[in-house]
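Notes follow the structure.
One is the number of the first residue; the rest follow in order along the sequence. Worth knowing before you read on, the calculation uses all heavy atoms, side chains too, and leaves out hydrogens, waters and symmetry mates.
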Amino acid sequence: MYFPLIIIVIILYFAYKRHVLYKQAEFFNKLLYIDKNPERYVDETDELLLKIQSERERNINLIQKSTGLFYSGMFDEAINILEQKVEKIPSNWQALYYHNLILSLFFSGRIDRANDVLNEAKEAIDIYLKKNVNKTSVEFIYAAADFFNGKGKSRDEYFVNITKSAANDYRIALSHYFLSKIYEEEQRIDESEEYMDKARIFGQGSFIEHL
């Protein structure tokens, strides 16, 4: 007699939970990519982490926090959270986890460590390339790695394409930054300065604005 009612309650609960998570993701994306306020993004994730939640939810929220920390230029803090506090990378979150960790390591100057992590993670993140899921994030990790390993010139066309097609301004800003440094090495000073100016404009609110 009560079984159908229990089923209905369970369905309603998961529907509500899904709606809440959708609204939460929408709110966080607005904070980071529209309002361009990574500091508040971090504060809001801290509020979430104070609440009672499952281990999976906590790990997801920690990975999200590392995104705000990375764009705030707090690389050491992002690395610490990802390496010390995330107990298990939730399924479907490997691409963002390694994106934040590897780029934080590169920008903090730990090139060898970043390369080691990339080599260790290669099998896991290449799955995303094969499935064409989060493909852009994984491709960006590899392109950034080439840049920091002195192979930026081989990626200039890729970064130019990203400045025209990326879904958020911060990735566009990073691509402009990489292009600026590539052209600086080639003594193409006017182009380098032009791309750096664009990096600062698109990177408003993030560490990129102050490079």
**Report entry** Side-chain donor/acceptor of Glu57 to backbone N/O of Ser54, under 3.5 Å
**Finding:**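 It does hold such a pair.
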Query - Arg200 side-chain N/O to Leu211 backbone N/O, donor-acceptor pair under 3.5 Å - result: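 Present.
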Any non-hydrogen side-chain atom of [X] less than 4.5 Å from a side-chain atom of [Y]?
X: Arg56; Y: Ile60; answer: yes
X: Glu194; Y: Tyr183; answer: no
X: Ile81; Y: Leu69; answer: yes
X: Lys153; Y: Glu186; answer: yes
X: Leu96; Y: Ser137; answer: no
X: Tyr177; Y: Met196; answer: yes

Query raised in the report: Would you call the rings of His176 and Tyr195 parallel, tilted or perpendicular if under 30° counts as parallel and over 60° as perpendicular?
Result: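 Rings of His176 and Tyr195: tilted, as their planes differ by 30° to 60°.
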Query raised in the report: So Phe70 and Phe75, would you call those rings parallel, tilted or perpendicular, with 30° and 60° as cut-offs?
Result: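 Phe70 vs Phe75 ring planes: tilted.
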Rounded to the nearest 0.5 Å, what's the gap from [atom1] on [X] to [atom2] on [Y]? Could you check?
X: Gln53; Y: Asn59; atom1: CD; atom2: CG; result: 9.0 Å
X: Leu48; Y: Asp43; atom1: CG; atom2: CG; result: 11.5 Å
X: Leu82; Y: Ser104; atom1: CG; atom2: OG; result: 7.0 Å
X: Ile102; Y: Arg110; atom1: CD1; atom2: CZ; result: 13.5 Å
X: Ser154; Y: Asp146; atom1: OG; atom2: CG; result: 5.0 Å
X: Tyr97; Y: Ile89; atom1: OH; atom2: CD1; result: 4.5 Å

Query raised in the report: Can you pull the side chain to side chain donor-acceptor pair (under 3.5 Å) pairs that have at least one residue in residues 202-211, sequence neighbours excluded?
Result: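 Non-adjacent pairs meeting side chain to side chain donor-acceptor pair (under 3.5 Å): zero.
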Report task. Not counting sequence neighbours, list each pair that qualifies as a side chain to side chain donor-acceptor pair (under 3.5 Å) and has a residue in residues 77-90. Result ->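 Pairs touching residues 77-90 that pass the test: Glu83-Arg113.
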Minimal non-hydrogen separation, [X] against [Y], with atom names:
X: Ile208; Y: Ala199; value: CG2-O, 3.6 Å
X: Val138; Y: Ala95; value: CG2-CB, 4.2 Å
X: Ser192; Y: Glu184; value: OG-CB, 3.5 Å
X: Asn149; Y: Ala145; value: ND2-O, 2.7 Å
X: Gly68; Y: Val42; value: C-CG2, 3.5 Å
X: Ser66; Y: Ala78; value: O-CB, 3.9 Å

Query - From CA spacing to verdict: side-chain contact (heavy atoms from CB on, under 4.5 Å), Asn29, Ile34 - result: CA-CA 7 Å; Asn29 284 335; Ile34 298 177; over 6 Å; no
Starting from [Y], can I reach [X] by hopping between I/L/V/M/F/W/Y residues whose side chains sit under 4.5 Å apart?
X: Ile172; Y: Leu174; result: no
X: Ile111; Y: Leu118; result: yes
X: Ile127; Y: Ile125; result: no
X: Tyr71; Y: Ile201; result: no

Requested in this report: Carefully, step by step, assess Gln64 and Tyr41 under the rule side-chain contact (heavy atoms from CB on, under 4.5 Å).
Outcome: CA-CA 9 Å; Gln64 289 182 316; Tyr41 181 98; 3.7 Å; yes
Query raised in the report: Is a salt bridge present between Glu44 and Arg40, judged by a nitrogen-to-oxygen distance below 4.0 Å?
Result: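 The answer is yes: the pair qualifies as a salt bridge.
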Requested in this report: Could you tell me whether Arg58 and Glu55 make a salt bridge, using a distance below 4.0 angstrom between a side-chain N and a carboxylate O?
Outcome: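 No, no charged N to carboxylate O under 4.0 Å.
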**Report entry** Worked verdict on Asn37 versus Glu39 for side-chain contact (heavy atoms from CB on, under 4.5 Å)
**Finding:** CA-CA 5 Å; Asn37 194 337; Glu39 288 82 6; 3.7 Å; yes
List, one per line, each side-chain donor-acceptor pair under 3.5 Å for residues 157-169, sequence neighbours excluded.
unit_1, atom_1, unit_2, atom_2, d
Tyr158, OH, Phe140, N, 3.3
Asn161, ND2, Glu157, O, 3.3
Thr163, OG1, Val160, O, 2.5
Ser165, OG, Asn161, O, 2.9
Asn168, OD1, Tyr170, N, 3.1
Asn168, OD1, Arg171, N, 2.8
Asp169, OD2, Lys36, NZ, 2.9

**Report entry** Atom CD of Glu123 with >12 non-hydrogen neighbours under 6.0 angstrom
**Finding:**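 Open: at most 12 neighbouring heavy atoms sit under 6.0 Å from CD of Glu123.
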Query raised in the report: Looking at Phe178, Phe107, Phe106, which one forms a ring pair (Phe, Tyr, Trp, His ring centres under 6.0 Å) with Phe147?
Result: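 Among the candidates, only Phe178 passes.
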**Report entry** Derivation and outcome, side-chain hydrogen bond (donor to acceptor under 3.5 Å, both in side chains), residues Thr67 and Asn100
**Finding:** CA-CA 6 Å; Thr67 301; Asn100 292 349; 2.8 Å; yes
Report task. Kindly determine whether Tyr142 and Asp126 satisfy side-chain hydrogen bond (donor to acceptor under 3.5 Å, both in side chains), including the steps that lead there. Result -> CA-CA 10 Å; Tyr142 282 122; Asp126 279 354; 2.7 Å; yes
